[in-house]
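Everything numeric in this text was worked out from a predicted model, so none of it was measured.
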Amino acid sequence: MRQKLFDFSKAFYLYKKRHPKRVMTFLVFIAVPLVTGMILGYEMSSNVATAIPTVVVNHDDSEFSRNLVDYISDNNTFHIVEQADNDERVEEAIYMREAYAGIIIPEGFYRHMKEGKSPQILTVYDGSTLAVISYSSGTMREILETIKTGYMMNIYEGKLGMTPSNVTQHAVPIDVTYRLLLNPGRNFRYFVLPGMLAALIQVGISCMGAERAGDLRGREHSFPEHLKTIAHWGGLGAISISITLLEQYLFFDLPYKGSLTGGILLTYLYATAILLTGYLVGSVISDRTFAAQVAAILVLPATILGGYTWPVLAMPTAFQYVAKLIPFYYYGTTIRNLCLTNLEFHHVLPAIYAMLGFIAFETGLLFLIKYVMKHVTRHKEAVA
């Protein structure tokens with residue numbers, strides 16, 4: 001086994017020396033996306049935060065409060081790791097990362113409920129983990145509302161002799177229903193993965209664009225040859241992004257409900273726009289390593305500024321204008337919506353038009369750069 005591993009490593013090393021560009025292309029566009037998608041998909045396979053370590057302090061210690069603790073314990077969202085005697089232990093457990101949530105039931109809780117008062121249960125959450133808060137707080141609210149409503153229904157039905165239909169009207173005077181669109185299961189993986197994977201891969205695409213521009217520097221090439229190179233490598237970038245989405249679809253149940261044609265076309269245009277960004281940098285900066293670094297830096301803030309994880313409408317006005325100058329602003333949310341809802345091709349057209357605008361602008365800028373560099377080179381040769 002060790003000898004086979006050694007032989008494989010040696011063969012790979014020799015192949016890399018003979019064909020470095022092929023190996024780099026495979027690593028950037030195939031290997032890294034596959035491994036990244038597999039790791040992230042497996043890491044988030046539970047979809048939402050479950051079995052959240054929780055500390056409970058039950059000062060009331062009545063049968064009702066003990067049943068409430070059991071009810072919380074039976075819920076998949078929470079895992080009660082400790083039933084403490086004092087409130088300070090909840091804060092300590094959260095600081096020590098022994099728990100991410102705490103529940104404090106006050107003394108006299110059941111007695112106050114019988115008297116018609118509104119006793120308060122204090123719930124404490126680790127504010128540094130927003131994924132935990134967003135799901136666990138909603139679940140805890142549902143649990144407590146269910147307990148409260150059930151208790152009030154027993155009061156009305158048992159002591160006041162009301163019929164079940166009248167009990168419901170008094171215990172729940174306002175029946176509030178809600179409906180979640182796009183992601184009804186509040187699946188965190190569905191929310192974050194489609195755009196996050198594209199945001200990670202775009203760094204490699206932009207760097208590869210800078211590399212390809214470096215390959216053609218110092219040689220006489222017609223502008224159509226540059227466009228052919230960009231179209232070719234943009235296609236490879238689109239394949240790279242598509243591989244990660246397909247991997248999530250096949251192995252981790254990521255849905256895809258929208259227009260397939262729209263998704264493919266949008267992904268290709270997006271990858272081409274990102275590649276062009278790197279290509280422009282590589283056309284201006286002669287140092288290939290530095291050009292790749294600059295290209296990566298230019299696209300790195302896209303996930304944050306593009307409004308994928310934090311909505312653009314909540315940003316300062318200046319940042320809202322900046323976001324619209326970033327290709328990821330149009331791609332990230334659109335590809336996520338294509339995964340989660342039945343978008344038709346015409347729904348994708350605004351994002352497609354935006355990508356075409358980016359590509360047209362960058363192509364014009366590239367033409368101008370090549371035109372200026374060509375005449376500067378000719379002028380230097382004439383002077384020499």
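Hydrophobic clustering (side-chain heavy atoms under 4.5 Å, transitive across Ile, Leu, Val, Met, Phe, Trp, Tyr) keeps F109 apart from I104. Taking hydrophobic clusters as Ile, Leu, Val, Met, Phe, Trp and Tyr residues chained together by side-chain heavy-atom distances below 4.5 Å, I94 does not share a cluster with V56. Linking ILVMFWY residues whenever their side-chain heavy atoms come closer than 4.5 Å, directly or via other members, leaves Y321 and L305 in distinct clusters. A single hydrophobic cluster is not seen to contain both V124 and I52; linkage of ILVMFWY side chains at heavy-atom distances under 4.5 Å, directly or through other members, places them apart. Linking ILVMFWY side-chain heavy atoms closer than 4.5 Å, directly or via other members, places I230 and I205 in a single hydrophobic cluster.
In this structure, E92 pairs ionically with R89, as a charged nitrogen and a carboxylate oxygen lie closer than 4.0 Å. Salt bridge E225/K370: absent, no basic N to carboxylate O contact under 4.0 Å.
Side-chain atoms of T341 do not come within 3.5 Å of backbone N or O of N337 as any donor-acceptor pair. A donor-acceptor contact shorter than 3.5 Å links the side chain of T272 to the backbone of Y268. Here the side chain of Y256 pairs a donor or acceptor atom with the backbone of S259 at under 3.5 angstrom. Using modelled atom types, no side-chain atom of Y329 and backbone atom of K324 make a donor-acceptor pair closer than 3.5 Å. A donor-acceptor contact shorter than 3.5 Å links the side chain of Q202 to the backbone of V299. Here the side chain of D60 pairs no donor or acceptor atom with the backbone of I105 at under 3.5 angstrom. With hydrogens and angles disregarded, no donor-acceptor distance shorter than 3.5 Å links the side chain of T334 to the backbone of G332. Between the side chain of Q320 and the main chain of M315, a donor-acceptor pair closer than 3.5 Å is present. Formation of a donor-acceptor pair under 3.5 Å by the H347 side chain with backbone atoms of L343 is not found in this model. Distance alone, capped at 3.5 Å, places no donor-acceptor pair between the S240 side chain and the L236 backbone.
No side-chain donor from either of E63 and Y110 sits under 3.5 Å from a side-chain acceptor of the other.
The distance between the ring centers of Y100 and Y125 does not fall below 6.0 angstrom.
To the nearest 0.5 Å, the span separating CD1 on I72 from CG on N67 amounts to 11.5 Å. Expressed to the nearest 0.5 Å, how far CE of M355 lies from CG of L269 amounts to 7.5 Å. Taking CG from N86 and CD from E91, the interatomic distance works out to 11.0 Å, rounded to the nearest 0.5 Å. With values rounded to the nearest 0.5 angstrom, C207 atom SG is found 8.5 Å from Q293 atom CD. For the atom pair CG of L246 and CD1 of I239, the computed distance is 12.0 Å after rounding to the nearest 0.5 Å. Note that CG of L338 is 9.5 Å distant from OG1 of T333, once rounded to the nearest 0.5 Å.
The shortest non-hydrogen separation linking A213 to G282 is CB-C, 3.6 Å. Here the closest heavy-atom approach between residue A238 and residue A271 is recorded as N-CB, 3.4 Å. Closest heavy-atom contact between L245 and P194: CD2-CA, 4.0 Å. Here the closest non-hydrogen pair linking L254 and Y190 is CD1-CD2, 3.7 Å. Minimum interatomic distance between V55 and A99 (heavy atoms only, all atoms of both residues): CG2-CB, 3.7 Å. What you find for S73 and I80 is that their closest heavy atoms are CB-CD1, 3.7 Å.
Within a 6.0 Å sphere centred on OH of Y249, heavy atoms belonging to other residues, nucleotides or ligands number 12 at most. No more than 12 heavy atoms of other residues, nucleotides or ligands shown are found within 6.0 angstrom of CD on E107.
Side-chain contact between S242 and I264: absent, with no pair of heavy atoms (C-beta onward) separated by less than 4.5 Å. Contact of the E98 side chain with the P53 side chain is not registered, since no non-hydrogen atoms from C-beta on lie closer than 4.5 Å. No side-chain heavy atom of V203 sits under 4.5 Å from any side-chain heavy atom of I274. In this structure, Y330 and F358 have side chains that are in contact, with non-hydrogen atoms separated by less than 4.5 Å. The closest side-chain heavy-atom distance from I103 to T54 is below 4.5 Å. The shortest side-chain heavy-atom distance between V69 and Q83 falls under the 4.5 Å cut-off. A heavy-atom distance below 4.5 Å is found between the side chains of L280 and I369. Residues L193 and Q248 form a side-chain contact, since some pair of their non-hydrogen atoms from C-beta on lies under 4.5 Å apart.
Taking the six-membered ring where tryptophan is involved, the planes of Y371 and F367 are essentially parallel, since the angle between them stays under 30° and well short of 60°.
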Stepwise side chain to side chain donor-acceptor pair (under 3.5 Å) check, D85 with H59: CA-CA 8 Å; D85 298 326; H59 292 298; over 6 Å; no
Chi angles and distances behind the side-chain contact (heavy atoms from CB on, under 4.5 Å) call for M38, F252: CA-CA 9 Å; M38 187 64 69; F252 300 105; 3.5 Å; yes
side-chain contact (heavy atoms from CB on, under 4.5 Å) between L349 and H346, worked out: CA-CA 5 Å; L349 282 177; H346 67 272; 4.2 Å; yes
Candidate pair N58 and R66, rule side-chain contact (heavy atoms from CB on, under 4.5 Å), full reasoning: CA-CA 8 Å; N58 186 2; R66 288 193 296 272; 4.0 Å; yes
Residue pair L298, V281: steps toward the side-chain contact (heavy atoms from CB on, under 4.5 Å) verdict: CA-CA 10 Å; L298 285 176; V281 174; 3.6 Å; yes
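Stacking of R212 on the aromatic ring of Y279 is not recorded, the 6.0 Å distance cut-off and the 45° axial limit not both being met.
With sequence neighbours left out, E247 forms a salt bridge (Lys or Arg N to Asp or Glu O under 4.0 Å) with no residue at all.
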